[in-house]
Structure formats: C-alpha cells, structure tokens
Amino acid sequence: MANDVLTPEVAHHTEHHHHKETFWTKYVFSMDHKMIARQFLITGIVMGTIGMLMSILFRLQLAWPEQPFPILKFFLGKWASEGVMDPSMYLALVTIHGTIMVFFVLTAGLSGTFSNLLIPLQIGARDMASGFLNMLSYWFFFASSLVMVISLFVPDGPAAAGWTVYPPLSALPQAMPGSGTGMTLWLVSMTLFIVSSLLGGINYIVTVLNMRTKGMSMTRLPLTIWAFFVTAILGVLSFPVLLSAALLLLFDRSLGTSFYLSDIMIQGEVLSNTGGSPILYEHLFWFLGHPEVYIILLPALGITSEVISTMSRKPIFGYRAMVGSILAIAFLSFIVWGHHMFVTGMNPFLGSVFTFTTLLIAIPSAVKAFNYLTTLWKGNLQFSPAMLFSIGLVSTFITGGLTGIILGNSALDINVHDTYFVVAHFHIVMGLSAIFGMFAGIYHWFPKLFTRMMNRKLGYWHFWLTFISAYGVFFPMHFLGMSGLPRRYYTNTAFPMFDNLADINVVISVFAIAGGIAQLIFFYNFIYSAFRGPKAPQNPWKSNTLEWTTPVEHIHGNWPGEIPTVHRWAYDYSKPGAPEDFVPQTVPLSDEEKNTFHN
Amino acid sequence: MMTLIGIVTILLVLLVAWQLIRIAELSAEIKKENLTGLPNVKENDVQGKLLFGFLIFLMAGFLYTVVAWGPKVLPTPASVHGEKTEFLFYLSLGIITAAFLITQPILFYFSYKYRGIKGRKASYMEHNNKLELIWTLVPGAVLVLLISYGLATWVRIMNPKFDEDPIVIELYAKQFGWTARIAGEDNKLGYANARYIEDVNILGIDKNDPNGLDDIVVQNLIKIPVNKPIKLKMRSQDVIHSAYLPHFRLQMNCVPGAITEFSFIPNKTTAEMRNDPMVVRQVSEINNIRTAKGEDPYEFNYILLCNKICGSAHYNMQMVFEVVSEEEYKDWLKEQKTFAQSI
Ligand code: HEM
Ligand SMILES: [Cu+2]
Ligand SMILES: [Cu+2]
C-alpha cells in the first residue's frame with residue numbers, strides 16, 4: 001500500500017504548508033471535521049455524565065424513599081433540604097435526564113461525533129461540504145447545551161413535565177414549578193438544538209451524495225455511512241416538525257394563543273382558552289419522536305456493522321439486506337408515531353393502522369439481528385473492547401426489540417402503556433444499544449480521533465461491569481411494569497399494592513450505582529489515553545476502509561497527496577486467495593474478482 | 001446508618017476500581033505486554049469464555065427473576081375484555097421469550113465458539129439468499145398471527161357490543177384527585193364545563209341541563225355492579241391525566257377540552273377477588289412487609305391510579321373501585337345524594 005510510507009513526520013511536514021493556525025482557529029472555531037467531531041464527543045460525554053448522575057440521584061429516591069442522603073442534599077440543596085428529594089425535583093431530574101440522554105448524548109454526541117469524523121474519512125473527501133456550517137452546527141449545539149445546563153439553576157427548577165413536555169402541564173406555569181422559567185429555557189435550548197441538528201444533517205447528506213471519491217459508488221459505501229446518511233435524512237425531515245410543535249407551545253405560553261389549550265381551570269382560575277387540543281401537540285411531538293429513536297439507533301447499528309465485520313475478519317453478512325433494512329426501517333419510522341398515543345382517545349381505526357405499521361418494523365429489525373449473528377458464525381473473532389460492546393449491542397437490541405412486539409400491539413398497550421415495562425423496553429432497545437454503539441465507536445476510532453490508542457485491559461473491565469449492570473438495571477423493570485407500576489412516580493409508597501416491589505427497586509438501584517462507578521474506568525482510560533496513550537499505528541485493526549489510509553497525525557484535507565481511488569467494497573475480509581485476511585478498498589480488483597457479486 | 005453504609009460502599013468501590021487500574025498498568029509494564037491494538041490469542045480465549053459465562057449469567061438471571069418476581073405481577077384480570085387481552089399478552093410473551101431463549105444463546109455461543117484462537121481462519125461468506133428469505137418470512141408469519149389476533153381484540157374492545165345499555169359513569173381528573181359521576185336514573189350525564197365550577201359543583205355541571213340533575217357525584221370510593229357493562233367517560237380539569245385501572249386491564253387518558261371513553265364489564269366482585277389464590281398470596285406477602293415496618297395491614301381493592309405525568313403529586317391520585325352485586329349497588333346508590341339534592 002502506497003499510503004503506508006506516510007510517516008507522521010511527512011504528514012507533519014505537509015501540515016506546515018497550510019496557513020498558520022492560532023489556538024482559536026485550531027481548537028475552538030475549527031472548521032475541520034475531525035476537530036468538530038472531538039468537540040461533539042467531549043460535549044456529549046460531559047452531558048452524559050450529568051444525565052447519568054441524575055439517574056443515580058433519582059434511583060436513590062426510588063429504592064430508599066424517605067431515607068435521607070447527604071449526597072442528595074449536596075447536589076440538590078433546597079430541593080432536598082432534609083436529604084430527601086422534593087417530588088417536583090424528582091420529576092425535574094427525570095425530565096432533564098431523559099432530554100439529555102436522548103438529544104444531547106445519543107443524537108448530537110453520537111451522530112455529531114461519528115458522522116463528522118467518518119463521513120469524510122470513509123468516503124474519501126477532504127472535509128465536509130461546508131466547513132462553516134459544520135462549525136455553526138457545533139456552536140449551536142454548544143449553546144443549546146449551555147442553556148440546558150443553566151436551566152438547572154433557575155429558582156423554580158428546570159423543566160419537569162417529562163422529556164415529552166406535553167401541554168397543558170408544560171404550557172401553564174401554574175401547573176408545576178418547572179413550567180415557569182425552566183420550561184422557557186428548555187424550549188430555547190431545544191430550538192437551538194434543532195438548528196444545530198439541521199445544519200449538521202444537511203451537511204452530511206450533501207457530503208455523502210456529492211463528495212465520494214472515485215470508485216466509491218453507493219453500493220460500496222461502508223454500512224456506517226449508509227446509517228449516518230439515512231439518519232441525517234430522518235433528522236432533516238422530522239426535526240422541523242418538532243420545531244413547529246415547540247413554537248406553538250411557546251405561543252400558547254407567552255402570547256395567549258390556544259393551540260393546545262381548551263376549557264381549563266387551574267389553581268382555582270378559569271382560563272379563557274378554548275378550542276385547542278393537547279393531542280395536536282402529541283401528534284407533532286411523536287412525528288419527530290419516533291423517527292428520533294431511529295436517529296439514535298441507526299448510527300449505533302452502523303458502527304456495529306463495521307466493527308463486527310472487521311473484528312470477525314469476515315464480510316458483513318447480507319450487505320444488501322442490511323442497506324435494505326436500514327431504508328425500510330427509516331421509511332416505516334415515519335408512519336408509526338401513533339403507537340405512543342393508543343390510549344389518548346384517538347380513533348380506534350387509526351390505532352389499528354399504527355399497530356400494523358409498528359409491528360412491520362420487527363421484520364427488517366429481525367433481518368438485521370440475524371445478519372449480525374451470521375456474521376459471527378465461522379468468523380475469527382477478535383475481542384477488542386469495541387467488538388465486545390458491539391456484541392453487547394446485538395444482545396440488547398434483540399432483548400429490547402422483542403418487548404416492542406407487546407407494546408406495539410394496541411390491545412396490549414392499553415395495560416402496559418406508561419408503566420415501567422415501557423421504561424425497560426426503551427432503555428434496553430434504544431438507550432443501551434445506542435450507548436454500547438457509541439462506546440464501540442469510541443474504542444474503535446479513538447486512533448482517528450486522538451491519534452493514540454486506548455488501553456484494552458481497562459476497556460475489558462469497563463465493558464464487563466457496564467454490560468452486567470445494564471442488564472441488572474433494566475431487566476427487572478419488566479416485572480415492575482407487569483405489576484402495573486406507573487412510570488414517573490416519585491415514590492411507590494402511596495399504594496400499598498406496590499409494597500412487595502420494594503426489593504426489586506433496591507436491586508435496580510444497586511446495579512445503577514455499580515454501572516455509574518464502572519464509567520470511572522472509562523473516563524480514566526479516555527483522558528489518559530488521549531494525552532499519554534501510545535501513538536496509533538497506521539491501521540491498528542487491519543481494516544479495509546479508507547480512514548486508515550490517512551496519516552495518523554491530523555492534517556487539513558485528510559490525505560497529503562491525492563485522495564485514493566476505491567476499487568472494491570469495504571468488506572473483503574478473509575477473501576480466499578488474498579495474501580492477508582483483509583483487502584483494503586484501495587486495492588484494485590483482480591480479473592477473477594470482477595465477476596463476483598460484491599466488488 | 002444506611003447512608004453511612006452507602007457512602008462507605010461507594011468509597012470502597014472507588015478505591016477498588018482505582019487499584020485495579022494501577023495493577024493492570026503495573027503488571028503490563030512488568031510483562032512488557034502491548035495493552036493496545038488487536039487482542040492477543042490468550043485474551044481472545046479469555047474473552048470468548050467470559051462471553052459464554054455471561055450467557056450462563058443471563059439465563060440464570062432470567063430464571064431467577066421469573067421464579068422470584070413472576071408471582072408479583074398483576075393477578076387474573078377482573079374484566080371480560082381483560083381476559084382476552086391477558087391471553088394475547090401471555091401468548092406474545094411466550095413467543096418473545098422463546099425468541100430470546102433461542103437468539104441469546106446463539107449470539108454468545110458463536111462468540112465463544114469462533115473466538116480468535118490460534119490457527120482459526122474466517123470463512124468468506126457474504127450472503128445467502130435462502131437463509132435471508134427464511135428469516136424474513138418466519139418472523140413475518142409470526143407477526144401476521146399476532147397482528148391479526150391483536151387487531152381483532154382491539155376492535156372488539158374499542159367498539160364493544162353489549163346486550164344491555166351500559167351504565168354511564170364519568171371519571172373526572174384534576175391536580176390531584178379523582179371524582180366520579182354516575183349518570184343517574186336517566187343514564188345521561190348533564191353537560192359540564194370547567195367554567196361552571198363553583199362551591200359544591202366541583203365538576204362544573206350545567207344546572208340548566210335537566211340530564212344533570214339526577215347525576216350522582218362521589219369521591220374516594222365508587223361502587224359498580226358486577227357483570228354489567230359500564231361506559232366510563234373521562235374528562236380533565238387542568239392537565240392531561242390518565243385513568244388507569246390495572247386489574248381491569250383498562251386505561252384511557254383524560255384530556256382537557258375533550259371527552260374520552262372506555263367501556264368494560266367487570267366480572268369479579270371485590271370480595272371474589274380477595275379470595276383469588278394469587279391475590280391472597282400477594283396480599284400476605286405485602287402484609288408481612290407492612291407488619292415488619294409497623295404499618296396497617298393492607299386489604300385488596302381495585303384501585304384507580306393516574307398514569308400520565310400531571311405534576312408534583314402525580315404519584316398519589318387514587319380512588320377505590322368496589323365491584324359489588326347488583327343489589328348492593330342499588331342500595332348504595334340510594335344512599336347517595338343527586339346533584340339536585342346537593343346544590
Ligand atoms: C445510567 C443508566 C440509566 C439509568 C439508571 C436510568 C434510569 C431511568 C429511570 C429510573 C427513569 C425514570 C422512569 C420514570 O419514572 O418514568 C428514566 C427515564 C428516562 N431515561 Fe433513563 N436511565 C439510564 C440511562 C438512560 C439512557 C442511556 C437513556 C437514553 C436513551 C435514557 C433515557 C431516558 C428517558 C428518555 C427517560 C424518560 C424520561 C421521562 O420520563 O420523561 N436513560 N431513566
Ligand atoms: Cu415510537
Ligand atoms: Cu394525574
């Protein structure tokens with residue numbers, strides 16, 4: 001491989017031909033996609049830490065209600081003055097936890113990082129189509145994160161109406177403390193977030209469509225890129241609808257309109273609003289909300305496809321079926337939103353339609369799961385931490401996906417809707433799978449992000465403790481849900497019928513704390529390796545894709561010379577007749593190979 | 001005390017984690033091992049075996065939770081439609097459990113079996129149309145079954161046909177409590193709106209609507225007759241709530257500005273349910289816990305809960321539904337004041 005001769009010295013040399021960079025243009029207002037990827041990642045990790053800490057705080061409350069904890073007093077101050085959390089603060093924590101995890105960590109933190117890093121590197125482009133928009137996208141995200149964090153400190157507390165912020169609860173400041181300033185800031189933050197996500201998404205789409213290197217046809221794209229591409233399309237089509245929902249909510253809150261409000265008496269006061277319907281808000285919200293879960297999940301699945309194939313030293317099984325199922329899932333995800341609204345009084349016929357489309361999604365999902373299993377079959381599995389997290393993802397994707405078959409069936413959802421059964425389902429299928437995919441991506445592409453390697457042994461500890469705690473936290477929640485325990489309850493002690501569930505709640509919280517502590521290993525490994533880890537070799541995982549042909553040190557434009565030409569698909573691992581167990585995409589096809597199915 | 005134990009545990013675990021990190025680093029330094037990049041053969045062997053070990057943990061955990069916690073789930077449904085959905089629920093649960101018990105072992109067994117130990121070479125296999133067709137069609141067929149069964153059930157629940165006219169009862173939600181209104185002799189609810197709320201007229205019933213005069217308003221407890229169809233109509237005064245009666249497998253949101261409804265036939269009286277073996281077991285488990293804590297004993301009741309986040313006391317909105325014989329219901333009804341009498 002010609003590119004192998006590119007030592008870091010040569011790369012460094014070429015960098016000097018570029019214009020001089022200051023600290024500000026290099027690290028802060030950078031337009032380089034690799035730096036922007038790092039910025040997204042680090043902001044995402046910081047937000048993730050906040051979200052995780054919140055979950056541990058409210059898990060303390062759920063497992064040991066009425067028990068004072070100094071740590072609650074320390075973090076919550078007047079909201080836990082006796083060391084016992086206030087009920088409105090419980091709801092606020094749950095709300096911000098959900099918002100942060102869904103949007104800030106697993107949308108911006110995941111897509112923002114890996115779409116930015118990998119799209120140019122894997123398709124063979126010098127940067128994103130617009131470096132400037134890309135920079136703006138990060139700074140809108142940063143501003144949005146900042147506003148969300150600031151909202152934690154307003155006197156009445158942050159938004160507390162649940163991450164779905166249904167009106168009228170979220171529309172009326174009288175309805176709960178969090179619906180005052182906290183809610184306004186939540187809306188401002190989300191508006192900035194949507195702008196960020198649109199700027200990013202448009203950029204990703206244009207880059208994938210127009211800037212692929214010679215030979216990189218759509219059918220040769222790595223599955224990561226397919227996933228990021230389709231994710232961006234989902235985002236661009238659905239986030240504007242959330243924006244409109246948020247704007248109408250803003251109008252109802254501040255301008256006295258009645259889009260979502262009708263015939264309300266609150267705190268002894270009769271409101272003049274008539275004719276609106278909160279159900280309209282629910283439709284608008286979930287029109288984004290459901291695609292959103294795939295915006296979270298697809299990039300994780302893309303990363304997993306790449307890692308599992310590389311680390312099994314085997315082609316991904318059923319490439320075309322994988323692309324087909326991504327497209328099918330994406331299409332269906334736009335016509336299933338009503339499954340969140342089966343018991344809103346919606347027309348039952350509509351409910352039937354949504355049941356039908358929802359359960360259809362199980363088919364492409366099953367295809368993906370089986371294709372992963374078959375990729376492992378007869379492989380030569382290399383258990384890097386990234387591979388372990390990918391295997392973890394396949395496991396949680398299956399476990400969580402299966403319970404969707406119950407929730408999607410409207411007749412059954414009547415009884416489990418909004419119970420802990422739902423909390424178990426979405427955490428496993430979306431939360432865990434996507435977090436695992438994100439970890440897999442970080443371990444796998446750390447060399448491309450920070451030019452250094454992460455420690456494998458610590459990665460193993462991190463994986464095992466995380467994986468075991470993850471199941472320990474979320475599997476038991478199914479039983480809570482089947483016992484009829486509603487979610488978003490500050491405590492279950494008001495109903496004696498739930499007294500026998502207390503031990504399950506303790507088990508869950510203990511695992512949650514253990515899982516939280518396990519992340520310390522990751523932080524240590526991440527920070528230490530970023531500064532002191534050993535320098536990455538050119539192609540540490542013996543991978544086929546283009547990012548491993550760029551010099552280890554970051555340079556503007558990615559390749560010092562010409563961008564390499566692509567001659568084959570990304571998955572020629574263990575190809576019979578090849579000298580090694582991988583054949584990079586830059587190696588020309590031999591004559592026999594030209595007639596094969598994948599080339 | 002608990003707090004102290006908690007803090008000490010956390011500190012200890014932190015210390016252990018930190019020590020582990022140090023040990024890993026030092027031992028690697030001594031052995032001059034490469035701690036980055038692709039794993040070596042020995043690590044692949046160990047991790048492969050650990051993955052198999054995880055399978056055992058997962059299966060054991062699954063069994064344990066089903067045995068230990070399975071008995072805590074909701075008892076037999078107490079409504080006619082609930083019995084239908086219960087069957088579908090356990091059918092679906094059986095199918096997905098089977099899928100879980102097949103796919104997870106495959107995943108971890110493959111991970112173990114094909115771990116990258118010495119001399120292993122992967123096979124080059126990029127697709128197989130026949131296999132892929134099979135695992136598109138098999139889940140497809142199962143889903144067709146579940147969808148058609150589910151939809152048939154759903155349609156019957158949502159558009160019920162009863163032999164007699166259902167008794168109309170309104171459930172009214174507000175921050176933070178429930179009020180019920182029985183439609184009275186004429187079985188018609190009077191018009192109501194938040195605008196008419198004053199003093200004792202807590203539901204805002206229109207005094208000029210004759211249908212409303214015989215309505216009966218109750219709080220905390222409502223009695224309903226067994227084996228009679230009942231049509232619940234939900235309203236809300238302020239924010240969205242959700243009327244959730246888990247024992248009847250019934251739930252419907254209460255949406256301000258709209259009226260939603262759900263019809264059902266309760267088919268077990270409260271007294272009967274108190275003798276249901278599963279309920280008896282659960283109640284005695286709960287009472288063991290309560291006596292240990294010095295709390296009053298618990299007696300089974302059908303409970304109405306709020307199941308849509310509605311504000312700080314969302315966790316505590318309750319009302320008792322007592323299912324009784326028709327005679328007892330009639331007697332009870334006679335004791336209640338009508339709306340006309342109360343204003
Ligand atoms: C650190 C591990 C985590 C724990 C222990 C945890 C636990 C919980 C619990 C107990 C709830 C409250 C359920 C309720 O009362 O309704 C909750 C809510 C939620 N969590 Fe997590 N969670 C974790 C990680 C995540 C992740 C990775 C995601 C990403 C998808 C996530 C997303 C959410 C969402 C969307 C909600 C709903 C918030 C709402 O009800 O408005 N969580 N979590
Ligand atoms: Cu959905
Ligand atoms: Cu409520």
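Naming convention: chains lettered A, B, ... in sequence-line order (proteins, then strands); numbering from 1 in each chain.
- Here the side chain of Trp154(B) pairs a donor or acceptor atom with the backbone of Pro348(A) at under 3.5 angstrom.
- Partners of Tyr196(B) under the ring-ring contact (aromatic ring centres under 6.0 Å, His included) rule, at least two apart in sequence or in another chain, do not exist in this structure.
- Among the candidates Glu132(B), Lys113(B), Lys293(B), His81(B), the residue making the largest number of heavy-atom pairs closer than 4.5 Å to chain A is Glu132(B).
- Listed for the Arg456(A) side chain is a donor-acceptor partner under 3.5 Å among the backbone atoms of Gly37(B).
- The pair Asp581(A)-Lys121(B) does not meet the salt-bridge criterion, since no charged nitrogen lies less than 4.0 angstrom from a carboxylate oxygen.
- For the atom pair CE (Met158(B)) and OG (Ser410(A)), the distance works out to 7.5 Å, reported to the nearest 0.5 Å.
- Looking at Ile157(B), only its side chain comes within 4.5 Å of chain A, counting heavy atoms on both sides.
- Salt-bridge check for Asp499(A) with Lys72(B): failed, with every basic side-chain N at 4.0 Å or more from each acidic carboxylate O.
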task = Check step by step if side-chain contact (heavy atoms from CB on, under 4.5 Å) holds for Gln174(A) and Asp238(B).
result = CA-CA 10 Å; Gln174(A) 309 93 303; Asp238(B) 36 40; over 6 Å; no
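- With a 4.5 Å cut-off on non-hydrogen atoms, Leu250(B) touches chain A through its backbone but not through its side chain.
- With a 4.5 Å cut-off on non-hydrogen atoms, Ala258(B) does not touch chain A at all.
- With a 4.5 angstrom heavy-atom cutoff, Val283(B) does not touch chain A via any of its atoms.
- For Glu285(B), the part sitting under 4.5 Å from any heavy atom of chain A is the side chain, from C-beta outward, and nothing else.
- Between the side chain of Gln251(B) and the backbone N or O of Asp418(A), no donor-acceptor pair lies under 3.5 Å.
- Between Trp69(B) and Phe479(A), the ring-plane angle classifies as perpendicular under the 30° and 60° cut-offs.
- With a threshold of 4.5 angstrom between heavy atoms, Leu93(B) approaches chain A through its backbone and through its side chain.
- When ring centroids are compared, His314(B) and Tyr490(A) stay outside the 6.0 Å threshold.
- The aromatic rings of Phe54(B) and Trp464(A) sit tilted, their planes meeting at an angle between 30° and 60°.
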inquiry  = Checking Met311(A) against Leu38(B) for the side-chain contact (heavy atoms from CB on, under 4.5 Å) test, could you report, in this order, the C-alpha distance in whole Å, the side-chain angles of both residues, the deciding distance, and whether it holds?
reply    = CA-CA 9 Å; Met311(A) 294 298 174; Leu38(B) 282 169; 3.9 Å; yes
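- Separation of the Tyr124(B) and Tyr573(A) ring centroids does not fall under the 6.0 Å cut-off.
- Side-chain atoms of Gln382(A) and Asn44(B) include a donor-acceptor pair closer than 3.5 Å.
- For Leu107(B), the parts lying under 4.5 angstrom from a heavy atom of chain A are both the backbone and the side chain.
- For a residue to count as touching a neighbouring chain, one of its non-hydrogen atoms must lie under 4.5 Å from one of that chain's; by this rule Arg290(B) touches chain A with the side chain only.
- Proximity to chain A (any heavy atom under 4.5 Å) is restricted, for Tyr298(B), to the side chain, taken from C-beta onward.
- Looking at Phe108(B), only its side chain comes within 4.5 Å of chain A, counting heavy atoms on both sides.
- Using a 4.5 Å cut-off between heavy atoms, Leu50(B) touches chain A through backbone and side chain atoms alike.
- Contact annotation for Glu295(B): only side-chain heavy atoms (C-beta onward) come within less than 4.5 Å of a heavy atom of chain A.
- Salt bridge Lys314(A)/Glu126(B): absent, no basic N to carboxylate O contact under 4.0 Å.
- Thr260(B) touches chain A through its side chain: at least one heavy atom from C-beta onward sits under 4.5 Å away, while N, CA, C and O do not.
- Put simply, the side chain of Gln175(B) gets close to the backbone of Ala175(A): a donor and an acceptor are under 3.5 Å apart.
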